[in-house]
Amino acid sequence: MENIYIPKEEIQKQLNIANSLKEITLGKKACVITFGCQQNENDSERIAGALEECGYEIVDDSDIADVIIINTCAIREHAEIRALSEAGQFKGRKANDRSIKIGLCCCMAQQAHRREQIYKSYPYVDFVFGTDMHHRLPEIMQTVLNSKKRVSFITDKPHNEFGVISEGMPVKRESGYKAWVPVMYGCNNFCTYCVVPYARGHERSRCKEEVLAEVKSLVEQGYKDITLLGQNVNSFSGGCSFAQLLNECASFDGEYVVRFMTSHPKDASDELIEVIANNPKVAKHFHLPVQSGSSRVLKLMNRKYDREKYLATATKIKEKIPDVALTTDIIIGFPTETEADFAETYSLVENVGFDMIYTFIYSPRVGTVAAKMEGQIPREDSNRRFKALSDLQNEVAEKLNEEFIGKTVRVLSDGYNKNGVPCGRSSQNKIVTYDKFVPEGQFVDVKVENVGAYLLNGKII
Ligand code: 5AD
Ligand code: SF4
């Protein structure tokens with residue numbers, strides 16, 4: 001197999017470049033603005049780590065930053081518009097101070113039509129770089145700082161035939177107690193609506209030993225909540241099954257939880273369900289995106305399972321893992337979705353009993369199969385279906401949460417919420433509020449007294 005890890009000499013070359021930049025970057029600040037999924041948050045921690053290595057101080061406030069990197073998401077048009085409008089905010093500042101460098105990276109930058117748009121309409125964006133480029137950030141920054149021209153770093157081969165594991169530079173983690181650990185990158189599933197396989201390339205796994213060493217080291221450093229990341233974690237092929245990897249990641253000494261995100265229903269195995277059920281350190285949370293309750297639509301989406309298969313898997317999960325929270329993603333208004341198709345999605349949500357659903361209105365993506373399909377759904381119909389499903393889900397979720405009343409849940413504290421109330425997350429990833437402050441990153445037992453659709457509230461015992 002081709003070695004997809006970045007060679008040590010290449011990393012050393014980048015570290016040397018980073019070192020050579022420290023004179024120019026002395027006292028300079030950099031800010032990374034993140035849009036999108038957990039994978040992007042993880043990428044931003046790598047970008048921040050590499051920038052710090054180059055000598056920048058990492059700040060949250062873009063107003064005081066000398067370098068601003070916008071890490072973009074291309075999953076739906078809304079995310080792209082938000083990132084472009086964020087870039088637009090810097091037009092005035094750049095006009096006043098030419099020395100500020102503005103970069104835009106990852107999923108949007110990976111798409112040729114967006115690069116062209118940025119090139120033409122956002123002249124104050126100085127540099128773009130694609131996915132899998134984080135390990136080359138010192139070289140990118142050196143080029144940007146030395147060049148009067150705008151700079152573009154995109155893999156030169158067609159991305160979905162090529163892909164590396166862009167690791168090796170230091171990571172600057174946002175949290176001292178929650179951490180992301182990628183297990184695989186990319187996706188080979190080509191769901192017909194999805195841009196991910198084009199933006200992030202084909203699947204490649206880290207090796208098992210690397211993942212285990214990272215998790216072990218995080219646990220030793222005191223991390224309490226570790227999420228194994230991948231577009232499709234079940235496809236992990238780095239030396240064992242994903243279920244085995246998860247089990248081993250959750251077998252080091254100490255109190256901590258291991259989560260994972262995301263798995264595909266077509267290969268949610270019995271082995272994985274057993275590990276979640278039996279390993280107390282594995283979070284009792286299963287995110288299993290269904291996308292639609294209609295087998296006809298699932299086929300058009302190229303999901304490779306039907307309604308019955310999904311229902312059987314969901315039933316098995318709930319039976320084998322009694323205290324599990326099952327969550328899902330649903331797309332409303334996929335091309336040709338009829339009222340009858342939507343009724344099937346509605347009834348699936350009614351029957352399964354999800355603790356949370358993330359509902360998205362279908363957004364056509366350039367280059368995907370679905371974008372060329374006949375029968376795009378009018379926005380009013382999608383909005384109406386969206387509202388009906390949200391109303392239903394609020395009722396379902398509240399009923400499920402009522403089962404927690406009187407029970408004790410173990411919670412990892414997040415300190416205070418925005419309203420100044422002590423809060424944290426349970427193993428099911430439910431938000432829990434309680435009566436007394438507990439420092440971030442400490443576990444506490446809370447007896448639940450009352451609930452809402454997306455909240456448990458109680459007292460510390
Ligand atoms: N339109 C709307 N939602 C989408 N998703 C992926 N692609 C699209 C699209 N083109 C949703 C899916 C996926 C989640 C991360 O985003 O539900 O599971
Ligand atoms: Fe996109 Fe489907 Fe891959 Fe998920 S499994 S990233 S929805 S193509």
Side-chain angles (χ1 to χ4, degrees), residues 35-43 72-82 106-108 110-111 113-114 131 159-160 163 182-205 227 229-236 242 260-268 286-294 297-305 310 326-337 342 345 348-349 354 356-373 375-377 379 381-383 385-386 389-390 393:
F35 291 92
C37 62
Q38 291 88 351
Q39 189 67 58
N40 268 23
E41 288 182 28
N42 170 64
D43 286 348
T72 63
C73 168
I75 198 98
R76 284 170 291 274
E77 193 183 17
H78 180 65
E80 296 192 308
I81 290 171
R82 281 177 58 217
C106 295
C107 293
M108 273 173 83
Q110 199 61 48
Q111 301 180 88
H113 72 285
R114 287 296 183 198
T131 48
H159 194 66
N160 52 2
V183 303
M184 50 86 66
Y185 294 92
C187 181
N188 288 351
N189 284 322
F190 288 94
C191 301
T192 54
Y193 50 80
C194 188
V195 77
V196 168
Y198 307 95
R200 290 198 170 270
H202 67 88
E203 279 172 5
R204 58 267 182 217
S205 293
T227 304
L229 275 186
Q231 305 297 339
N232 182 21
V233 288
N234 312 77
S235 299
F236 177 76
F242 176 68
F260 61 94
M261 191 64 88
T262 298
S263 59
H264 194 300
K266 76 176 162 58
D267 30 38
F286 208 133
H287 183 65
L288 199 61
V290 64
Q291 312 299 0
S292 170
S294 153
V297 173
L298 288 170
K299 191 148 201 223
L300 287 178
M301 288 176 163
N302 190 31
R303 289 292 286 176
K304 303 188 184 92
Y305 56 85
Y310 187 91
L326 185 61
T327 60
T328 202
D329 293 344
I330 290 177
I331 296 179
I332 295 287
F334 185 81
T336 77
E337 183 189 73
F342 174 68
T345 300
L348 183 130
V349 169
F354 293 108
M356 170 97 96
I357 60 176
Y358 299 87
T359 312
F360 308 104
I361 291 181
Y362 169 72
S363 169
R365 306 285 68 212
V366 171
T368 61
V369 171
K372 296 182 210 90
M373 285 179 183
Q376 304 284 326
I377 303 298
R379 190 71 189 196
D381 290 346
S382 294
N383 286 346
R385 292 172 193 172
F386 184 97
L389 203 62
S390 308
Q393 177 55 25

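First listed ligand is number 1; within each ligand, the first listed atom is number 1. Note that the coordinates shown come from a computational prediction; the quantities given were computed from them, not determined experimentally.
For the residue pair E337 / Q376, no side-chain donor-acceptor distance below 3.5 Å is found, with atom types taken as modelled. Side chain to side chain, S363 and E77 fail the donor-acceptor criterion of an N or O pair below 3.5 Å. Of the N and O atoms on the side chains of T327 and H287, at least one donor lies less than 3.5 Å from an acceptor on the other residue.
Protein nitrogen, oxygen and sulfur atoms, that is N, O or S, within less than 2.8 Å of atom 1 (Fe) of ligand 2 amount to 1.
In this structure, V183 and L229 have side chains that are not in contact, with every pair of non-hydrogen atoms separated by 4.5 Å or more. At least one side-chain heavy atom of I75 sits under 4.5 Å from a side-chain heavy atom of V196.
For the pair R200 and ligand 2, no heavy-atom separation below 4.0 Å is found.
For K299, the NZ atom counts as loosely surrounded, since its 6.0 Å shell holds 12 or fewer non-hydrogen atoms of other residues, nucleotides or ligands.
Nearest approach of K266 to R303, heavy atoms of both residues: CB-O, 4.2 Å. What you find for S263 and P289 is that their closest heavy atoms are O-CD, 3.3 Å.
Short contacts between ligand 2 and H264, defined as distances under 4.0 Å to a heavy atom of the residue, involve ligand atoms 5 (S).
Near ligand 1, heavy-atom contacts under 4.0 Å come from I75, R76, Y193, Q291, D329, I331, F360, I361, Y362, S363, R365.
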Requested in this report: Apply the test ring pair (Phe, Tyr, Trp, His ring centres under 6.0 Å) to residues F360 and F386: give CA-CA distance (whole Å), side-chain angles for both, the deciding distance (0.1 Å), then the verdict.
Outcome: CA-CA 8 Å; F360 308 104; F386 184 97; 8.6 Å; no

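Checked against T328 for a side chain to side chain contact (heavy atoms under 4.5 Å, CB included), the options F286, Y310, Y358 give a single hit: Y310.
At a 4.0 Å heavy-atom cut-off, ligand 2 does not touch M301 at all.
Note that R200 lies outside the cation-pi zone of Y185, set by a 6.0 Å cut-off to the ring centre and a 45° limit from the axis.
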